[in-house]
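Contents: one structure, followed by commentary.
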There are 2 protein chains.
Amino acid sequence: MRIAELSRASGVPVPTIKYYLREGLLPPGEFSSPNQARYDEGHVRRLKLVRALVEVGRVPIGGIKELLAELDQPEPNVHRAIGCALEPGLRREPEEDNPEIAAAKADLDQLIERRGWNVDDCSPAYQQIAEVMVTLRRLGTADLLDGLEGYAQVADKIAEIDLGLVARHRNDPGHVVFEAVIGTIIGDSLLQGLRRLAQENLSAKVFQANAVSS
Amino acid sequence: MRIAELSRASGVPVPTIKYYLREGLLPPGEFSSPNQARYDEGHVRRLKLVRALVEVGRVPIGGIKELLAELDQPEPNVHRAIGCALEPGLRREPEEDNPEIAAAKADLDQLIERRGWNVDDCSPAYQQIAEVMVTLRRLGTADLLDGLEGYAQVADKIAEIDLGLVARHRNDPGHVVFEAVIGTIIGDSLLQGLRRLAQENLSAKVFQANAVSS
DNA sequence: CGATAGTAGATAGTGACGCTATCTAATTGG
DNA sequence: CCAATTAGATAGCGTCACTATCTACTATCG
């Protein structure tokens, strides 16, 4: 198909497709002559993926580029790919020597120890959690960290669901990686929404109960 | 304190403080003369909150302004305040007539029914979930929605922890609202990180098991 | 009292980001 | 053959979150 049809099929304007081609988010089409290219279903899928990551995942273009590069490896590393979505949001300078960060990491290490987690302490998620812990302390709401253990327990449950979902495609490794990336990055948005609905529901119940009992 | 000291105490540069004053994110100081103002601890706290929402919560300035306006009401509505952080990220035009959206909302309504949730179907969270469902279908990964029930169940657990944490301050309603907002918006980032660590840990286990058994 | 430093408020500028528009030369496809 | 389309290059745009500069005034210290 030509670029106009690719645009129609994906819902992405032609100039934007050209931009993604320039940025390396979309592989070039197959050239029949120096200024004529053909695109296929793979390009349509890739475009839809890019749009989902941009619009729902709020992943910056640079992160998407790295993520897709990982996905295009012969043996892609799922966690490295997913990490590309989180990393751009972290502090530019890790300010490693900061004692606040160090203290938070020490606490986080204890949590990891308690849960028996086997994780890489260089992963962007590890950094992100440490940053959140520092932020909560600075805000004077360190008492919210009392929920950490519970949240971690719930995180394990979520991960179980996540793994269960993608494991159904274990005969197709490429699809497993694809769904893992989608399920995690797009799934964040889903979980965020569900958490708010659950809060809304539960807090209504609690406040009603309070009103009745008072 | 004068603006320079406010800057030192909060870690926010003076021009940025002036910008926040202009944008109404920070209430004006107390004027002793037409061009001299004094700031207090409340300003320091407010600035720290704004920075946390900007840096960790990734909430756009406009959303923070609305959120703070709600927080400054005599009887702030927690969910409306939290919604201010989610809303700016949604589609500008709800394209209400779109059948894809309608179908997703129908599915979501069923989920809400099954869980017995009492929630407002105008809340940004409801819209967001519907958008995610549409996105997953467009990507051809609608099978990931099989996890919806499980995720919703987990969301209930998270909400329980959330409510439990803030309920400890129920004698101080202002603080409850403050912690609820922080705990939800900043907590999203925490949960996102924990989910990734849990995934990393569990997938390592699963793959190792697979390697042994194969 | 005066010199210096600090301040409010107005206005304009900056850099990153994610596109969007325009142009040229070449190529389809009826 | 010729109107429509294309690739690729370059430049422009709108938003966002600041950042810089300037003016007229004020605080404060010696």
Side-chain angles (χ1 to χ4, degrees), chain A residues 1-40 43 47 49-68 84-85 87-92, chain B residues 1-40 43 47 49-68 84-85 87-92:
Chain A
M1 71 183 79
R2 302 174 69 173
I3 200 168
E5 201 183 338
L6 176 59
S7 169
R8 232 173 298 118
S10 62
V12 180
V14 172
T16 304
I17 296 177
K18 287 188 173 187
Y19 166 65
Y20 289 161
L21 285 166
R22 282 200 300 280
E23 293 298 311
L25 301 191
L26 193 64
E30 196 173 335
F31 284 82
S32 53
S33 49
N35 67 340
Q36 287 294 307
R38 297 280 142 154
Y39 307 92
D40 57 24
H43 289 92
L47 270 177
L49 172 57
V50 170
R51 294 311 294 169
L53 292 174
V54 167
E55 291 176 357
V56 181
R58 316 266 131 175
V59 184
I61 298 293
I64 298 178
K65 183 176 179 177
E66 288 175 41
L67 188 158
L68 294 174
C84 294
E87 208 150 25
L90 300 175
R91 289 264 175 303
R92 297 75 192 86
Chain B
M1 71 183 78
R2 301 174 70 172
I3 200 169
E5 201 183 339
L6 177 59
S7 170
R8 230 172 301 118
S10 62
V12 179
V14 171
T16 304
I17 295 177
K18 287 187 174 188
Y19 167 64
Y20 290 160
L21 284 166
R22 281 200 300 280
E23 294 298 311
L25 299 191
L26 193 65
E30 196 173 335
F31 283 81
S32 53
S33 51
N35 68 340
Q36 288 294 304
R38 296 281 142 155
Y39 307 91
D40 58 24
H43 289 92
L47 270 177
L49 172 58
V50 170
R51 294 311 294 168
L53 292 174
V54 167
E55 292 176 357
V56 180
R58 315 267 133 172
V59 183
I61 298 295
I64 297 179
K65 183 177 178 177
E66 287 176 42
L67 187 158
L68 294 175
C84 294
E87 208 150 26
L90 299 175
R91 288 267 175 300
R92 297 77 191 85

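Residue numbers start from 1 in every chain, and the chains themselves are labelled A, B, ... in the order their sequence lines are given, proteins ahead of strands. No experiment lies behind these values; they were computed from the predicted model shown.
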Can you check the A:E5 CD to D:dT6 C1' distance for me, whole Å?
14 Å

Does the side chain of A:D40 reach to within under 4.5 Å of the side chain of A:E30, using non-hydrogen atoms?
no

For residues B:Y20 and B:H43, determine if any side-chain heavy atom of one lies less than 4.5 Å from a side-chain heavy atom of the other.
no

B:L26 CG to D:dA17 C1', in whole Å, measures 16 Å

Could you grab the distance from atom CG of A:L47 to atom CG of A:L26, nearest 0.5 Å is fine?
4.5 Å

Is any side-chain heavy atom of A:I61 closer than 4.5 Å to a side-chain heavy atom of A:Y19?
yes

Spacing between B:R58 atom CZ and D:dC18 atom P, to the nearest angstrom:
11 Å

If I compare all heavy atoms of A:P88 with all of A:G63, which pair ends up nearest, and what's the gap?
CG-CA, 4.2 Å

Could you check if a side-chain atom of A:V12 sits within less than 4.5 angstrom of a side-chain atom of A:V50, using non-hydrogen atoms only?
no

Polar atoms only, N or O, under 3.5 Å: list the protein pairs with nucleotides 23-26 of chain D and their distances.
from	atom 1	to	atom 2	distance (Å)
D:dC25	O2	B:N35	ND2	3.2

Send over the distance from A:Y39 OH to C:dT28 P, rounded to a whole Å.
13 Å

Looking at the side chain of B:R38, which of D:dT28, C:dT20, C:dA8 is the nearest nucleotide?
D:dT28

Nearest whole angstrom, please: distance from the C1' of D:dA7 to the CG of A:L6.
14 Å

Atom-to-atom span, CD1 of A:I17 to P of D:dA9 - whole angstrom
18 Å

What's the NZ-C1' distance between B:K18 and D:dA17, to the nearest Å?
17 Å

Nearest-Å distance for atom pair CD/C1', residues A:E23 and D:dG8
14 Å

Is there a donor-acceptor pair closer than 3.5 Å between any side-chain N or O of A:R51 and the backbone N or O of A:G11?
no

Decide yes or no for B:R2 and B:R38: does some side-chain heavy atom of the first lie under 4.5 Å from some side-chain heavy atom of the second?
yes

Name the residue closer to the 5' end of DNA chain D, choosing between A:I3 and B:T16 according to the nucleotide with the nearest heavy atom.
A:I3

Identify all pairs in which a protein N or O lies below 3.5 Å from an N or O of nucleotides 11-18 of chain C, and state each distance.
from	atom 1	to	atom 2	distance (Å)
C:dG18	OP2	A:I61	N	3.3

All heavy atoms of B:F31 vs all of B:P28, minimum pair found to be CE1-CB, 4.2 Å

